[in-house]
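Step one of this worksheet: look at the structure below.
This is a predicted model, so every value here is computed, not measured. Atoms within each ligand, like the ligands themselves, are counted from 1 in listed order.
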Amino acid sequence: MRIPVRGIFTLTTRSYSSTTMSTSQFALERQLGLSAVRRACALTSSVFNKLIKNETLTKGDKSPVTVGDYAAQALISVMLKNSFPQDPIVGEEDAAELRVEEGRVLRERIIELANEALVAPFVEGDKPEWGIGPGQAKTSAELLDAIDRGNYDGGRTGRMWTIDPIDGTKGFLRGEQYAVCLSLLVDARVQLGIIGCPNLPVDATKPDGERGCIFVAVRGQGCQQIPLSGYTETTLRMPAFTPSSLNTLESVEALHSSHSTADTIASILGITRPPLRMDSQAKYGCLARGDGGLYLRMPTGVGYREKIWDHAPGAILVEEAGGIVTDSRGVPLDFGLGRTLGENFGVVAAGKEVHAAVLDAVQQATGTKAKV
Ligand SMILES: Nc1ncnc2c1ncn2[C@@H]1O[C@H](COP(=O)(O)O)[C@@H](OP(=O)(O)O)[C@H]1O
Ligand SMILES: [Mg+2]
Ligand SMILES: [Mg+2]
Ligand SMILES: [Mg+2]
């Protein structure tokens, strides 16, 4: 296996003694990805504590974007480029608004934040023996270019990364759940997914206990949860649920996922517990570790096309924990169509014991069930 040795944030041969060297597939990508997501989690948490009103923009689609989203995308992109310079990136954000004169104040703040995160010593939970140390500060032009490396169009073939630097920006702004999300696709198949959730309780049964966890999955190697404060890995397996014992995980935002359709589906399935509403792909991590048992994202009827960075990392977590992920019609998610999921509408993710029953209820609720 070739180990990149290209300066800062690269994985050095020094770290791979016979005792620490991992020969698993995508081991280097997993280590670099975990480090990048941890650094971005530290960055976004500190931004939240200091965020002021004029540090948020409204994008063309009316969704919010903060200095934290831009700075975290710049940081992760720089780290990826140093170790995997040939890999293209499909990232949510682009730097167009920051390159114009009106974007100057925001731009300067983003550069400052990204550089602080780049040069910070090891962040909490980093494994020093991996050799992924602090990097050097970058110029403004380099960081804007790093953000714009996320402009890749995606597609059916080759390696590519997806970055959603803050997923659930609305939750982030409310001080609730959000996630830093990274995935690696090879020939349109997700091979690695990493989701950092700085505000998520490490144990769902202890909502007031320690917060901050990171979920990671490599195809064929299972799904693990790691606390952001350390590096003890716990392998996750979804427990078997019966339909009526499910608890639906869904978006907080009714504009993103139809709450009323989800209510109808829940009553068809005999679910009595109220839905667990949570922003971001933290929902996929929760599902993988057995909280709830069902993630429903029912289309709101406006023809919204889901973005690949909003689902690729989450989908592999659930699959590696033993679950099934499809769109709301039961069609597998296709990550090879470009930046969006194209004709995949909505998401149904659940354990293999209940997924078929849930799809049946979805079809009844939406009137799409074939008459026999
Ligand atoms: N009309 C819509 N329908 C479905 N998803 C939408 C949407 N508008 C925005 N989104 C996506 O919903 C994501 C948040 O997911 P959730 O609702 O599960 O918290 C947003 O990610 P960002 O916050 O990264 O922009 C955004 O990409
Ligand atoms: Mg957004
Ligand atoms: Mg998102
Ligand atoms: Mg986002």
request  = Could you establish whether Val65 and ligand 1 come within less than 4.0 Å of each other, counting only heavy atoms on the residue side?
outcome  = no
query = Looking at atom 25 (O) of ligand 1, what's its closest protein heavy atom, distance included?
reply = Glu92 OE2, 3.1 Å
query = With no hydrogens and no angle check, is any side-chain donor or acceptor of Lys138 less than 3.5 Å from a backbone partner on Gln136?
reply = no
request  = Classify the contact between Ile166 and ligand 1 as side chain, backbone, both or neither, using a heavy-atom distance cut-off of under 4.0 Å.
outcome  = backbone
query = Touching ligand 1 at all, Gln281? Heavy atoms, strictly under 4.0 Å?
reply = no
key: Joint hydrophobic cluster, Ile195 plus Val90, side-chain heavy atoms closer than 4.5 Å   = yes
message = Looking at ligand 1, would Gly168 count as a contact under a 4.0 Å heavy-atom criterion?
response = yes
Closest protein heavy atom to atom 14 (C) of ligand 1, given as residue, atom name and distance to 0.1 Å = His256 ND1, 3.7 Å
key: Closest approach of Ile271 to Pro243 (non-hydrogen atoms, all atoms of both residues)   = CG1-O, 3.5 Å
key: ligand 1 contact by Glu253, heavy-atom criterion under 4.0 angstrom   = no
query = Is there a donor-acceptor pair under 3.5 Å between the side chain of Glu353 and the backbone N or O of Phe241?
reply = no
key: Contact atoms of ligand 1, heavy-atom distance to Leu255 under 4.0 Å   = 1 (N), 2 (C), 3 (N)
query = Side-chain heavy atoms under 4.5 angstrom apart, residues restricted to Ile, Leu, Val, Met, Phe, Trp, Tyr: same cluster for Leu192 and Leu182?
reply = yes
message = Hydrophobic clustering (ILVMFWY, side-chain heavy atoms < 4.5 Å, transitive) - are Ile132 and Leu184 grouped together?
response = yes
message = Between ligand 1 and Trp309, is the shortest N or O to N or O distance under 3.5 Å?
response = no
query = Heavy-atom contact under 4.0 Å between Thr300 and ligand 1?
reply = no
note = Note: ligand 1 atoms sitting under 4.0 Å from heavy atoms of Ser280 are 16 (P), 18 (O), 19 (O)
remark   = Check: of Tyr295, Tyr304, Tyr178, Phe172, min heavy-atom distance to atom 11 (C) of ligand 1 comes from Tyr304
query = Does a side-chain N-to-carboxylate-O contact under 4.0 Å join Arg211 and Glu176?
reply = no
query = What is the nearest protein non-hydrogen atom to atom 16 (P) of ligand 1, stated with its residue, atom name and distance?
reply = Ser251 OG, 3.5 Å
message = Under a 4.0 Å threshold between the charged nitrogen and the carboxylate oxygen, would Glu253 count as salt-bridged to Arg277?
response = no
inquiry  = Quick check on Lys283 - does any of its heavy atoms sit under 4.0 Å from an atom of ligand 1?
reply    = yes
query = Which atoms of ligand 1 are found less than 4.0 Å from any heavy atom of Asp167?
reply = 13 (C), 14 (C), 21 (O), 22 (P), 23 (O), 24 (O)
inquiry  = Give the atom numbers and elements of ligand 1 that come within less than 4.0 Å of a heavy atom of Asp279.
reply    = 19 (O)
ask   = Is the closest basic N to carboxylate O distance between Glu343 and Arg305 below 4.0 Å?
value = yes
remark   = Tightest non-hydrogen contact, residues Cys213 and Arg289, listed as SG-NH1, 4.0 Å
inquiry  = Could you check whether any side-chain heavy atom of Asn344 comes within less than 4.5 Å of a side-chain heavy atom of Leu333, counting everything from C-beta outward?
reply    = yes
Minimum-distance N/O/S atom that Asp310 presents toward the Mg ion (ligand 3) = OD1
query = Same cluster for Val47 and Leu228 if Ile/Leu/Val/Met/Phe/Trp/Tyr side chains link at under 4.5 Å?
reply = yes
ask   = At their closest point, which heavy atom of Val348 faces which heavy atom of His355, and how far apart are they?
value = O-NE2, 3.1 Å
task = For the Mg ion (ligand 2), check which protein N, O or S atoms are under 2.8 Å away and list them.
result = Glu92 OE2
query = Salt bridge check: are Arg99 and Asp145 linked by an N-O gap of less than 4.0 Å?
reply = yes
Arg159 to Phe84, cation-pi by 6.0 Å centre distance and 45° axis angle = yes
inquiry  = Can you report which non-hydrogen protein atom sits closest to atom 26 (C) of ligand 1, along with the distance?
reply    = Asp310 OD2, 3.6 Å
query = So among Asp279, Asn199, Leu200, which one has a side chain to side chain contact (heavy atoms under 4.5 Å, CB included) with Tyr178?
reply = Asn199
task = Taking only Lys NZ, Arg NE, NH1 and NH2, and the carboxylate oxygens of Asp or Glu, determine whether Lys283 and Glu250 approach each other closer than 4.0 Å.
result = no
note = Numbered in order shown, the ligand 1 atoms found under 4.0 Å of a heavy atom of Glu306 are 4 (C)
remark   = Min over Glu176, Lys307, Arg297 of heavy-atom distance to atom 12 (O) of ligand 1 lands on Arg297
message = Any atom of ligand 1 sitting under 4.0 Å from a heavy atom of Gln177?
response = no
ask   = Counting each atom of ligand 1 from 1 as listed, which ones have a heavy atom of Asp164 under 4.0 Å away?
value = 24 (O)
